[in-house]
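I have placed the structure first, in the form of structure tokens, so that the comments after it can refer back to it.
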Amino acid sequence: MDLDMGKYAFYVWGCYGVSAVALIGLTVLSVVAHRDRAAKLKALQETLAAEKAQKVDA
Amino acid sequence: MALAAYPRNAYEKPMIISWLANPERFSKVFAPVRPYLAAATAILFVWGLYLCFASPEDYQQGDTVRIMYIHVPAAWMGLFTYLVMGVSSFFGLIFRHALADAAAKAAAPIGAVFTALALVTGSLWGKPMWGTWWEWDGRMTSVLVLFLFYIGYMALHASIEDEMRAAKSTAILALIGLVNLPIIKFSVDWWNTLHQGASVFRADGPTVAPAMLWPLLIMALAYHLLFIWLWLVRIDSEILSRKYNGLRARISFREGGA
Amino acid sequence: MPFAIRVEGLSLKKGYKLLISELNFEVGPGECVALTGANGVGKTTLLRALAGFAPPHSGSIRIGDDNSDDSIVASNSHYLGHAESLSPSRRVDQELSFQCAYLGGTAQTLAEAVGKLRLNGLLDLETRMLSAGQKRRLSLARLLMVRRPVWLLDEPMSPLDAEHRASLAGMMQTHLSEGGLIVCAVHDPLPFETRELRLVRAEIGEAVYG
Amino acid sequence: MIPAALALLKRDLSLAFARGGGPVLAAGFYITLMAMVPLSLGPDAQTLSRIAPGLTWLCLALASLLSLERLFERDYEDGVFDLLRTGPLALEAVALLKCLAQWLGTGLILSLMTPVVMIILGAPADAAGLSLIAALIGSLSFSLIGGVGASLTLGSRKGGVLIALLVLPFYVPPVIFGAGLMDAYVTGAPIAQALGLLGAYGLFALALSPIAMGAALRSALN
């Protein structure tokens, strides 16, 4: 492993840094959005099921 | 006299053209695959990044050669994603698959990020190598236009409220873009030869030494897997939100009254 | 073979919602079908599908004898929707002569339509200055300027006053007596014999994709 | 069919010219833009004459964007398309005729002004004929591609800016070929290739854009 980039440190680490931020950011956004939507859908489905159950009881 | 025809119950079975085109089934099949895909992506990234810094310096470019390992895959993925979007849009438009629309929409932001990374890392590579942040050569200009396509595509999708219409309009845009990209690339290359004196890049780009091939290949593979994984997550997001909207529409329909 | 509309197994969607499912009906020459039903039940959607503006989700619409080709539907029918298809900055006579030339009428049929609908006093006005009733009468002119067997009318009476309602009813009856067909979305019953097609709200099942 | 097409063309032209809308606006914008050039770059004749052809093409492309937003929007909102669709013309033909009317109302006038503007900026006077032909082909391509952008954004909330964003990448080839053509002429290089490419792109736009506009309009209108 050679982690000393010498005089090019700014450019090399800049590239890897920007790429890491962008790709990790995209991943986090995608996964969080996915979780949110799954939770929202589940909540709605549960309310509907509860309503239905109530109707059957009544 | 009333006609004897009344609309029947509107319960509809989704049309099955191909097995996986059913969004429900698509979700079910790929949900268990996604964690493995995520793990494989992570492993490949660790391995690839190790190779990036374990490989020797280039005798000409020195340490900046390590930029290539993330720049070139990003550029490839920018193009590849557009191809994926174009093909998805084609299926969405011709066969009216809702899943294909979702697939095209889900791919766009990923492609935009890859393309932006290609531009930024290219610029950061160009400065130490050629002494300039930006060179108006054919390749960079074309990638910039590609990036603008992604922006336009996403802006168009966001600006049309009706989901079906948005899908259709953006699919048409993606297809026109697919046909036009080679023409734009050609025109930019033609323009570049016209003004060749200004260009500092070699037309064929740097040749890759074998020792540098491995890190490049592994990183490219990691980028591909990352794309596929993110794509699947985002498609599933789309399916979930459509299902949610469908349920909402059904409730408002039921409670709407006359 | 006289004209007829045959609708078989027709399903129509609006967005993700299936509004009309498996609808069957026929309209023969000299017949007027009155579409009734609550708001949002799909009357306009059905009329637009009959005009060939939106493809059916499934099923078929046949107009005439054999096929339901888009252009054939269009050139055999008049569609009058809620929007009056008028440009606000153009004068009434300009709009009339454009519609007449575009749809294939003649100067003579134009003059006749103007006479029958008593549009003479409006000809030099810009359409944005007209009242809703006047605009509707202007739209009705194309039914007379260019003879077509099928009239698809979306609540044609609503902006008109009593006098003009009666005269439109007369126009429709004349059209029927000449062997024409009318499909007409209405809220109030028409003052002549019609067949009623009542659309009922479809029970939406699962969220529908595609 | 032909009387219907003529009637539609006549109507759209009269709408375009009514109250000095599109054409005067586009011409005024074009001139203003060109007047800004020496003001921003300095009046040095040598610099100006070198960049005149390219700048003219850039301004032509920008001015062509102006009236696109209203190309289909007004008829869409007024429900005129319901009437147009019950006529003898296919939606593709309707769209093409509307583009043609829009071009006659703006692109043609901008093209006629192009040689004058170029010469004012210092291009040689004998380039006038060629620049007119190139501008005619170029502006027609701009109108057709612009029509596609206008049909795609129909009914969306941010019409104008969005059309520009969608359409400008597709303006790249004609701008390159057109400006390259004038460059070649001024420097004495052969012009056949650039002219051929410009014409080919125009034909390509003519063939493809009605199909795309028809599909987009159909989806917006149903």
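Protein chains get the first letters and strands the later ones, always in sequence-line order, with residue 1 at the start of each.
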Side chains of B:Ile183 and D:Phe170, heavy atoms from C-beta outward: is any pair under 4.5 Å? no
Quick check: closest heavy atoms across B:Gly152 and D:Leu165, and the distance to 0.1 Å? CA-CD2, 3.8 Å
Among D:Pro174, D:Pro173, D:Ser209, D:Ala189, residue most engaged with chain B (heavy-atom pairs, under 4.5 Å): D:Pro173
Counting C-beta onward and ignoring hydrogens, is there a side-chain heavy-atom pair between B:Ile184 and D:Tyr171 closer than 4.5 Å? no
Are any of the side-chain heavy atoms of D:Leu166 and B:Phe149 separated by less than 4.5 Å? no
Measure centre to centre between the rings of D:Phe177 and B:Trp191, then say whether the value is under 6.0 Å. no
Most heavy-atom pairs under 4.5 angstrom with chain D, which of B:Asn180, B:Val145, B:Ile176? B:Asn180
Under 4.5 Å from any heavy atom of chain B - which part of D:Ala194: both
Does a side-chain heavy-atom distance below 4.5 Å link D:Val172 with B:Ser187? yes
Any donor-acceptor pair under 3.5 Å from B:Arg165 side chain to D:Leu221 backbone: no
Under 4.5 Å from any heavy atom of chain D, what part of B:Leu175 do you find: side chain, backbone, both or neither? neither
Test side-chain contact (heavy atoms from CB on, under 4.5 Å) on D:Ile176 and B:Val188; report intermediate values, then the result. CA-CA 7 Å; D:Ile176 287 177; B:Val188 170; 4.0 Å; yes
Residue part contacting chain B, namely of D:Leu197, when any heavy atom lies under 4.5 Å: side chain
Just verifying a value: how many Å separate D:Met213 CE and B:Ile172 CD1, rounded to the nearest 0.5 Å? 11.5 Å
Just give me the residue among D:Val167, D:Thr153, D:Leu154, D:Val161 that pairs up with chain B most often, heavy atom to heavy atom, under 4.5 Å. D:Leu154
Should the heavy atoms of other residues, nucleotides or ligands under 6.0 Å from CZ of B:Phe91 be counted, would the total exceed 12? no
Portion of D:Val175 that has a non-hydrogen atom of chain B nearer than 4.5 angstrom: neither
Residue D:Phe29 excluded, over 12 heavy atoms near CZ under 6.0 Å: yes
Using a cut-off of under 4.5 Å for heavy-atom pairs, which of B:Leu148, B:Thr170, B:Leu156 has the most such pairs with chain D? B:Leu156
To the nearest 0.5 Å, what is the distance between OG (D:Ser156) and CG (B:Asp162)? 12.5 Å
